[in-house]
Amino acid sequence: MSTSTTAPIYGNYHGYYSKRPVAHDPRLAVLPHSLFRDARVLDVGCNEGWVTCEIAQSLGASEVVGVDIDQTLVNAAWRRRRAVWSLQAPGDEESTEFSADYFPASCEHEFGSLPVPPSASRGKHLFPHNITFRTADWVEDTILEDEDGYDVVVAFSISKWIHLNGGDSALEKFFHRVHSVLRPGGTLVLEPQPLDTYAKAKRMSERLKENAKHLNLTPDDFPPLLRRIGFGEPRHLGVVGEGGFRRPVDLYSKL
């Protein structure tokens, strides 16, 4: 299923990163440096692909898949990939040491994006060829890339939306799905949205408001739930961000 709605009832905010205008996402900065090195990564709820592109370009991942329920956002993510490539410094095609924002963004806006070179000349495990985007309701639908499994699944700013749209059962199903696609020892990166943020979100639609009445799970219940599913104890990396975006970031390893 794909959707693009007036009210972002799935957390599918258009222009989301204009509200978080940072060159490097602070949530990624608190993660272990080696987490993404040579890893196969899934970014669930990728929105316009800013985090997905940073992981693929700057953090050493061999393959990154971004998935979002909103086709319009996925189209924007593909444009983001090309824009990020256009701002990258020229140099050794095999090197991962470069300036990610070598050119000012105004150059890309004024002159257009640079053409992406063939993967045969650059290599499929280097940016921009190590990234792809899919449109899907990943809680309900598999995507082709799931078959090979992932070393890391990133779940930033989505637990609340899965919870409000599908209830406790959908959130449990999501965590089970993450466990099933992670390779042994793989990592879930989770940014659990605090319970007090549900109040504003549920006002977006009558359905969300009604669903919220029947929720029993809270973010405090996530660690024991994830343990029952087959994850280890959480590694709390602290609270990251500012204002309404100040939230915890936790790591869970598949046992």
Side-chain angles (χ1 to χ4, degrees), residues 2 4 12-29 31 33-136 138 143-146 148 150-157 189:
S2 64
S4 179
N12 52 322
Y13 291 98
H14 294 196
Y16 177 75
Y17 284 97
S18 65
K19 302 172 185 176
R20 304 181 75 148
V22 291
H24 303 289
D25 197 292
R27 296 169 295 182
L28 295 177
L31 300 178
H33 291 169
S34 61
L35 181 65
F36 297 110
R37 180 64 56 187
D38 299 323
R40 197 163 188 271
V41 182
L42 175 66
D43 180 15
V44 185
C46 67
N47 197 269
E48 295 173 342
W50 286 52
V51 165
T52 329
C53 286
E54 186 173 349
I55 294 170
Q57 183 195 42
S58 303
L59 299 182
S62 64
E63 184 178 358
V64 188
V65 181
V67 62
D68 200 280
I69 198 171
D70 190 319
Q71 180 66 58
T72 301
L73 292 177
V74 170
N75 292 343
W78 281 112
R79 292 193 297 272
R80 175 67 183 169
R81 168 185 177 262
R82 188 153 181 168
V84 169
W85 165 251
S86 298
L87 302 180
Q88 181 173 306
D92 184 353
E93 293 294 329
E94 298 301 321
S95 177
T96 57
E97 300 298 325
F98 55 84
S99 172
D101 51 0
Y102 181 80
F103 295 106
S106 58
C107 289
E108 196 265 341
H109 291 312
E110 184 172 356
F111 300 109
S113 301
L114 295 177
V116 173
S119 60
S121 64
R122 178 152 176 81
K124 67 178 183 177
H125 295 303
L126 290 178
F127 187 80
H129 297 294
N130 62 345
I131 189 170
T132 193
F133 296 99
R134 298 287 187 188
T135 305
W138 193 78
I143 58 176
L144 179 64
E145 289 79 8
D146 291 346
D148 293 328
Y150 305 98
D151 300 296
V152 183
V153 173
V154 177
F156 282 158
S157 301
V189 182

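Excluded from the calculations below are hydrogen atoms, water molecules and symmetry mates; all remaining heavy atoms, backbone and side chain alike, are included.
In the model, Asp146 has a side-chain atom that pairs as donor or acceptor with a side-chain atom of Tyr150 under 3.5 Å.
A distance-only check finds no donor-acceptor pair linking the side chain of Arg80 to the backbone of Thr52 [under 3.5 Å]. Side-chain atoms of Asp38 never come within 3.5 Å of backbone atoms of Ser62 as a donor-acceptor pair (strictly under, hydrogens ignored). A donor-acceptor contact shorter than 3.5 Å is absent between the side chain of Glu145 and the backbone of Val65.
Note that CD1 of Ile55 and CH2 of Trp50 are 14.5 Å apart. Values are rounded to the nearest 0.5 Å. In this structure, CG in Asn47 is found 7.5 Å from NE2 in His14, a value given to the nearest 0.5 Å. One distance of note links OG1 of Thr72 with CG of Asp70; it measures 5.0 Å at 0.5 Å rounding. With rounding to the nearest 0.5 Å, the separation of SG in Cys53 from CG in Asn130 is 9.5 Å. In this structure, OG1 in Thr135 is found 10.0 Å from CD1 in Ile69, a value given to the nearest 0.5 Å. Here CD of Glu54 is found 6.0 Å from CG of Asp25. Values are rounded to the nearest 0.5 Å.
Cation-pi check for Arg81 over Phe133 is not met; the charged atom does not lie both under 6.0 angstrom from the ring centroid and within 45 degrees of its normal.
Considering only residues two or more places apart in sequence or on other chains, Ala76 meets the side-chain contact (heavy atoms from CB on, under 4.5 Å) condition with Glu48, Arg79.
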Worksheet item: Could you walk me through whether Glu63 and Asp148 pass the side chain to side chain contact (heavy atoms under 4.5 Å, CB included) check?
Response: CA-CA 11 Å; Glu63 184 178 358; Asp148 293 328; over 6 Å; no

Worksheet entry | Verdict with reasoning, Ile143 to Leu42, per side chain to side chain contact (heavy atoms under 4.5 Å, CB included) | CA-CA 11 Å; Ile143 58 176; Leu42 175 66; 4.3 Å; yes

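With a 4.5 Å cut-off on side-chain heavy atoms, Leu73 and Tyr16 do not count as touching. Annotation: side chain of Val74 is not in contact with side chain of Arg134 (no heavy-atom distance under 4.5 Å). Between Val189 and Leu35, some side-chain heavy-atom pair lies under the 4.5 Å cut-off.
Closest approach of Gly66 to Cys46, counting heavy atoms only: C-SG, 3.6 Å.
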